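Counting convention: from 1, in listed order, for ligands and their atoms alike. As the structure is a computational prediction, the values presented were derived from the model and not from experiment. All heavy atoms count here, side chains included; hydrogens, waters and symmetry mates do not.
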Amino acid sequence: MQAHDGMYIDGAWRPAAGGDTIEVVNPVDEQVIGRVPAGSAEDVDTAVRAARAALPGWAATPPAARAARLGALRDVLVARKDEIAETVTAELGSPLAFSQAVHAGVPIAVAGSYAELAATHAFEERIGNSTVHHEPVGVVGAITPWNYPLHQIVAKVAPALAAGCTVVLKPAEDTPLTAQLFAEAVHEAGVPAGVFNLVTGLGPVAGQALAEHEGVDLVSFTGSTAVGRHIGATAGGAVKRVALELGGKSANVILPSADLAKAVAVGVANVMSNSGQTCSAWTRMLVHRDQYDEAVDLAASAAAKYGDRIGPVVNAKQQARVRSYIEKGVAEGARLVTGGPESPYERGYFVSPTVFADVTSDMTIAQEEIFGPVLSLIRYEDQEDALRIANGTVYGLAGAVWAGDEAEAVAFARRLETGQVDINGGRFNPRAPFGGYKQSGVGRELGPHGLGEYLQTKSLQF
Ligand code: NAP
Ligand code: MG
């Protein structure tokens, strides 16, 4: 793992304006594994100017040529797959096999999808006596979290570049090495100088400066609802486009006709994967009262098996936060069936895979995003009750429905207030729109809908 001591701006690694640095810590053993510069408003300004200067050239580059650069970027990510996985494992702590398959694998698929979309998308359409041109929005300020460090970056940068936008990225302070590796990959792929720029730094300093910068036309943010609300207000004040991917508290609804054992096993795996640090995780499992006790037993034994197979959470603060939610669950009367607030190891930011039974909708653990390996089992009386519980949070990012009959599951899914639903364990689709209803966000990422976020229309009448 090599840490750069500069910022990637205008096609080169340049020294930061100030001397502050961020220590990168491995959450498995709490050792410092690198240092990166903590960027200032001055660095952000330099990067935004570079992105503005590069905008006319990149916007005028034919889509097929932009597609070729994205295809090259995908190929570099493929060639450096092992290095990506090792870097994510070092700074996020996820098991290497998961880093290979998901943290490296998914961004490769997404970069590939945008190489193809850039080449095939209709950037011009005819409506009656008008020709409508789909033009790039301009300079994008991208602010990303640490939970899927490379995926969150690629899900913004790839569609932005496909659209003809230029980008300044401020990645999460906990996972900057993956972001530096991505900048190297962009450079190797032959993307012109200034089209993509990286400023590492702290959220309230570099992130804030980027969101506020007059030279930024669109702010695309993924992270907490609290910061998202603040960024949305800043962007609104400046009449800037904004895209927000925020938290979730998704429901996994198991209807009585479903294969219960399968639904519970997949549901537990979904929550424990990435140590529960997935905004779309199905953290509430809804089970009919007649099957409830059986589901609790199945979930408890499935979760216990994850004991030594999941990684830590990202940092000491998140560990303390997750453990305090577990304590709150106990205090509010939920029944702990496996796991608990004690840390399973002396070193590292680990949290035990935890399952709560007898959770009711009014409890904090049923309402707030925990972002750790914690599952809540909620009992429902009938389908209307299940629907009320499932829709009874401020969030609406994802969900799952299980039923013996696909049509029954679909009918229920259509009544959920949420942006995506997996039917009987449907697989993740990197081209399907991803984003939230309600307070889970504004806008969509991935596929053609994600590309649309970075385009604006110009109508010419004849
Ligand atoms: P966060 O604070 O919202 O961070 C997301 C990004 O925003 C990071 O790059 C962060 O920088 C930056 N940021 C922070 N304050 C900012 C500000 N005032 N202006 C501009 N940018 C700012 O989220 P977090 O600390 O990583 O995690 C906290 C909680 O967010 C989690 O427990 C979870 O509930 C939620 N979360 C959701 C998602 C999701 O995909 N929906 C992902 C991660 C986290 P720093 O890295 O320097 O803080
Ligand atoms: Mg933060």
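Taking distance alone, with nitrogen or oxygen atoms compared against 3.5 Å, Pro145 stays at or beyond that limit from ligand 1. Residue Glu369 places at least one N or O, backbone or side chain, under 3.5 Å from an N or O of ligand 1. Polar contact with ligand 1: absent for His230 (N/O pair, distance under 3.5 Å). Any N or O atom pair closer than 3.5 Å counts here, and Lys170 shares at least one such pair with ligand 1.
Within the 4.0 Å heavy-atom criterion, the part of Ile143 lying near ligand 1 is the side chain and not the backbone. With a 4.0 Å cut-off on non-hydrogen atoms, Tyr148 does not touch ligand 1 at all. Neither the backbone nor the side chain of Leu210 comes within 4.0 Å of ligand 1, counting heavy atoms alone.
Between Trp58 and Tyr454, a ring centre-to-centre spacing not shorter than 6.0 Å is recorded. Ring to ring, Tyr395 and Tyr437 are not that close: their centroids are 6.0 angstrom or more apart.
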What verdict does the side-chain hydrogen bond (donor to acceptor under 3.5 Å, both in side chains) test give for Ser220 and Lys156, after you've listed the backbone C-alpha separation in whole Å, the side-chain angles of each residue and the deciding distance to 0.1 Å?
CA-CA 7 Å; Ser220 180; Lys156 297 187 189 308; 3.0 Å; yes
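Taking every non-hydrogen atom of Gly207 and a distance limit under 4.0 Å, the qualifying atoms of ligand 1 come out as 19 (N), 20 (C), 21 (N). Residue-ligand proximity, Ala172 to ligand 1, at heavy-atom distances under 4.0 Å covers atoms 9 (O), 46 (O). Within ligand 1, the atoms closer than 4.0 Å to a non-hydrogen atom of Thr144 are 6 (C), 8 (C), 9 (O), numbered from 1 in the order shown. Using a 4.0 Å cut-off to heavy atoms of Pro171, the atoms of ligand 1 that qualify are 9 (O). The distance from ligand 1 to the heavy atoms of Cys279 drops below 4.0 Å at these ligand atoms: 39 (C), 40 (O), 41 (N). Each of the following atoms of ligand 1 lies closer than 4.0 Å to a heavy atom of Thr222: 5 (C), 39 (C), 40 (O). Interface atoms of ligand 1 facing Glu245, defined by a heavy-atom separation under 4.0 Å, are 41 (N). In the vicinity of Leu246, heavy-atom distances shorter than 4.0 Å reach the ligand 1 atoms 39 (C), 41 (N).
Judged by distance alone, the side chain of Gln277 and the main-chain N or O of Asn274 form a donor-acceptor pair under 3.5 Å. Judged by distance alone, with hydrogens and angles left aside, the side-chain atoms of His213 form a donor-acceptor pair with the main-chain N or O of Gly215 at under 3.5 Å. Using modelled atom types, no side-chain atom of Glu453 and backbone atom of Pro159 make a donor-acceptor pair closer than 3.5 Å.
Under the salt bridge (Lys or Arg N to Asp or Glu O under 4.0 Å) rule, Asp217 has a single partner from Lys240, Arg52, Arg241, which is Arg52.
The closest side-chain donor-acceptor pair between His187 and Tyr8 falls under 3.5 angstrom.
Heavy atoms of Leu202 come nearer than 4.0 angstrom to ligand 1 in at least one pair. Put simply, part of Arg321 is less than 4.0 Å from ligand 1, judged by heavy atoms. Using a 4.0 angstrom heavy-atom cutoff, Gln277 does not count as in contact with ligand 1.
For the pair Arg309 and Tyr306, the cation-pi test (distance below 6.0 Å, angle within 45°) is passed.
Checking Gly203, Ala206, Ala38 against atom 19 (N) of ligand 1, the nearest heavy atom belongs to Gly203.
Annotation for Val322 and Pro373: closest pair CG1-CD, 4.5 Å, computed over non-hydrogen atoms.
Residues Leu198 and Gln180 form a side-chain contact, since some pair of their non-hydrogen atoms from C-beta on lies under 4.5 Å apart.
Rounded to the nearest 0.5 Å, atoms CG (Asn270) and OG1 (Thr278) are 7.0 Å apart.
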